[in-house]
Colleague: 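Structure below; questions to follow.
Because only heavy atoms are used, hydrogens play no part in the values below, and waters and symmetry mates are left out as well, while side chains stay in. Each chain gets a letter, A, B and so on, in the order its sequence line appears, and its residues count up from 1.
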Number of protein chains: 2
Amino acid sequence: MGTAVGGGKAVPRYVQIADEIVQQIRAGVLGAGDMVPSESELVDRYGVSGGTIRKAMVEVRASGLVETRHGKGSIVKARPPVRLRSSDRFRRTHRQEGRAAYLAESAQSGAEAKVSVLFIGPMEAPEDIAGRLGVEVGTQVLARRRLYFRNGTPVETASSYLPWDVVKDIPELFAENPGGGGIYARLEEHGHVFAEFVETLQARPASKAETSELALSPGAPVVHLVRDAVTEAGRVVEVCDTLMAADQFVFEYRIPARD
Amino acid sequence: MGTAVGGGKAVPRYVQIADEIVQQIRAGVLGAGDMVPSESELVDRYGVSGGTIRKAMVEVRASGLVETRHGKGSIVKARPPVRLRSSDRFRRTHRQEGRAAYLAESAQSGAEAKVSVLFIGPMEAPEDIAGRLGVEVGTQVLARRRLYFRNGTPVETASSYLPWDVVKDIPELFAENPGGGGIYARLEEHGHVFAEFVETLQARPASKAETSELALSPGAPVVHLVRDAVTEAGRVVEVCDTLMAADQFVFEYRIPARD
DNA sequence: GAGTGGTCTAGACCACTGA
DNA sequence: CAGTGGTCTAGACCACTCT
């Protein structure tokens, strides 16, 4: 046979099918944790070939509502992802309450948060990081690499880099748990008082490697966020390089009106 | 025949081919404006079937380095896109110099910018906008919908919504060109002095409709940005709803350290 | 018209999951 | 083991672009 006959519009069949499945999820016909019918079952149900169903499922995955595992099937994701990541999570009052930024926000939205430390130790500064820290490429810096989970699924990797002369007298920064208020609290206790944080964001499709690290569907977008922590002395004492699953976050920034 | 024979690894052939093409572009073998070989030529060159090449090209498109048009082919994109969109483009000094935010930034990065006005006129406030403006759903507001171009290609759609009682005495806001400094300058001249701007961002794959409006490849990510302009009186006098091609922008925000 | 990408098919084989 | 998704093929027809 041929192509989408019948109506004779422009919407390809696989898009129609994808939309139909997405609607069923949004409408609750398929609820959180339910399995999406298997591809072969969908082939029967819609009377199209496997390739077409396959393309439809690629679209469905791109919607972020579903997670597919190989010999298993596709399962409707647990929930309306989206965690607000607001710009005032760096307030000192939050730190003094003893909570690190990510916990403060997770608590707000009632989700279970977890951090797994992947690496803490010395490292030669990569080029872009060295530039931001104002040190030579290859200089030794402290790297702290972690993976953040939310409700059991990885949503974010973060790598902090700090100049060695800053960290060498702050033993807590070498510990998995740097203590109440996080590393920023420790830094301010040691005289590195922050003036501002500069964040740059860019969204792009996940690479193959990132796809597996964050358990994403191929092609799902990620947000690459890099933050410079600048002290009142004008020095960048930390660069935090973060990669986040885009469907898990909404970013909020408040910009004061200025002259 | 079967699958990726030979080595016997896990990397699918279409990914290998996609990577190879992407490398050629990054290395400059294929330069800006060059046509990527046609799919049938790639079929010959790599000795695989059309479907495999097709999947490879989907990957290549996802990299954002290439733009594909139907009966034409794939062309290597003109540019290392990326335009910095920094949070201090709302400074009054910029407005007083008579330049609107987008022009100030475009000038910086030496790109040709253009705006096309799609619609200016009264409109019933949609639900989310009404909520932000603090008016009833369906109340009449002024809508200003524009499409921004950069070097000839559309990169951003923006829709501003303003309460009717605010705009009714400011005729410039109904004009395509609201005058030097843009609508924010006009609003401040009429007593609406801004205290802050609140921006929320979310990245997601483009929908089918957005794909065509911004001339994107299917599945390419977009950034949805909504900005509330808040006056010193605590009122939101403008909501700007923006959709941007993610590969065209880097966002920068400066966050002052606070208690 | 010839050439391009876009959709679809019908069937093959592989790799992973779970009972 | 049966069932699932993942990759690949070879060929068909369609829609768009350019000449």
Colleague: Report the distance from atom CE of A:M35 to atom C1' of C:dG18, rounded to the nearest whole Å.
Modeller: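 Whole-Å distance recorded here is 11 Å.
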Colleague: Has the side chain of B:Q16 got a donor or acceptor atom that lies under 3.5 Å from a matching backbone atom of B:V11?
Modeller: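 Answer holds: yes.
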Colleague: Expressed in angstrom and rounded to an integer, what is the separation of A:R69 atom CZ from D:dG3 atom P?
Modeller: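 So the CZ-P distance, A:R69 to D:dG3, works out to 20 Å.
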Colleague: Taking CZ from B:R13 and C1' from D:dT9, how many angstroms apart are they, rounded to a whole number?
Modeller: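 Atom CZ in B:R13 sits about 14 Å away from atom C1' in D:dT9.
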Colleague: Report yes if at least one side-chain N or O of B:K55 is closer than 4.0 Å to OP1 or OP2 of D:dT7; otherwise report no.
Modeller: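 For D:dT7, OP1 or OP2 has a side-chain N or O of B:K55 closer than 4.0 Å.
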Colleague: Rounding to a whole Å, what distance do you find between B:I21:CD1 and C:dG5:P?
Modeller: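 Going from B:I21 (CD1) to C:dG5 (P), I get 11 Å.
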Colleague: Let's see if you can work this out: which of C:dG18, D:dT17, D:dA15 has an atom nearest to the side-chain heavy atoms of B:H70?
Modeller: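 The nucleotide sitting nearest to the side chain is D:dA15.
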Colleague: Without hydrogens or angle criteria, can the side chains of A:R145 and A:S159 be said to hold a donor-acceptor pair below 3.5 Å?
Modeller: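 A pair is found: one side chain offers a donor N or O, the other an acceptor, under 3.5 Å apart.
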Colleague: Counting just side-chain N and O atoms, does B:S49 come under 4.0 Å of either OP1 or OP2 of D:dG11?
Modeller: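 No, no such contact exists.
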Colleague: Could you state the CZ-C1' distance from A:R54 to D:dG5, rounded to the nearest angstrom?
Modeller: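 My rounded result for the distance is 5 Å.
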Colleague: Answer yes when B:E199 and B:R227 have at least one side-chain N-carboxylate O distance shorter than 4.0 Å, and no when they do not.
Modeller: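 Answer for the salt bridge query: yes.
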Colleague: Round to the nearest Å and state the distance from A:E39 atom CD to D:dT7 atom P.
Modeller: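 Value for this atom pair: 11 Å.
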Colleague: With a 4.0 Å cut-off, would you call B:R45 and B:E41 a salt bridge?
Modeller: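 B:E41 and B:R45: salt-bridged.
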Colleague: Kindly say if B:T52 contacts the phosphate of D:dT7, meaning a side-chain N or O under 4.0 Å from OP1 or OP2.
Modeller: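 It does not, given that no N or O in the side chain of B:T52 lies less than 4.0 Å from OP1 or OP2 of D:dT7.
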Colleague: Nearest of D:dG5, D:dT17, C:dT4 to any side-chain atom of B:K72?
Modeller: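 Of the candidates, D:dT17 comes closest.
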Colleague: Among D:dT9, C:dT7, D:dG6, which nucleotide has an atom closest to any side-chain atom of A:R61?
Modeller: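 Among D:dT9, C:dT7, D:dG6, the one nearest the side chain of A:R61 is D:dG6.
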Colleague: Out of C:dC8, C:dT4, D:dT17, which nucleotide sits closest to the side chain of B:S38?
Modeller: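 Of the candidates, C:dT4 comes closest.
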Colleague: Checking B:S160 against B:R146: is there a side-chain donor and acceptor pair closer than 3.5 Å?
Modeller: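 The answer is yes; a qualifying pair exists.
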Colleague: Calculate the interatomic distance between A:I53 atom CD1 and D:dT4 atom C1'; express it in whole Å.
Modeller: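 The distance from CD1 of A:I53 to C1' of D:dT4 comes to 14 Å, rounded to the nearest Å.
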Colleague: Think A:Y14 has a side-chain N or O under 4.0 angstrom from the OP1 or OP2 of C:dC8?
Modeller: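 Answer no for this pair, as no side-chain N or O of A:Y14 is under 4.0 Å from OP1 or OP2.
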Colleague: Given atom CD1 of B:I75 and atom C1' of C:dG5, what is their separation to the nearest angstrom?
Modeller: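 Answer to the nearest Å: 15 Å.
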Colleague: For B:G71 and for A:T68, find the nucleotide of DNA chain D with the closest heavy atom, then tell me which residue's nucleotide is more 5'.
Modeller: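 Nearer the 5' end of the strand: A:T68.
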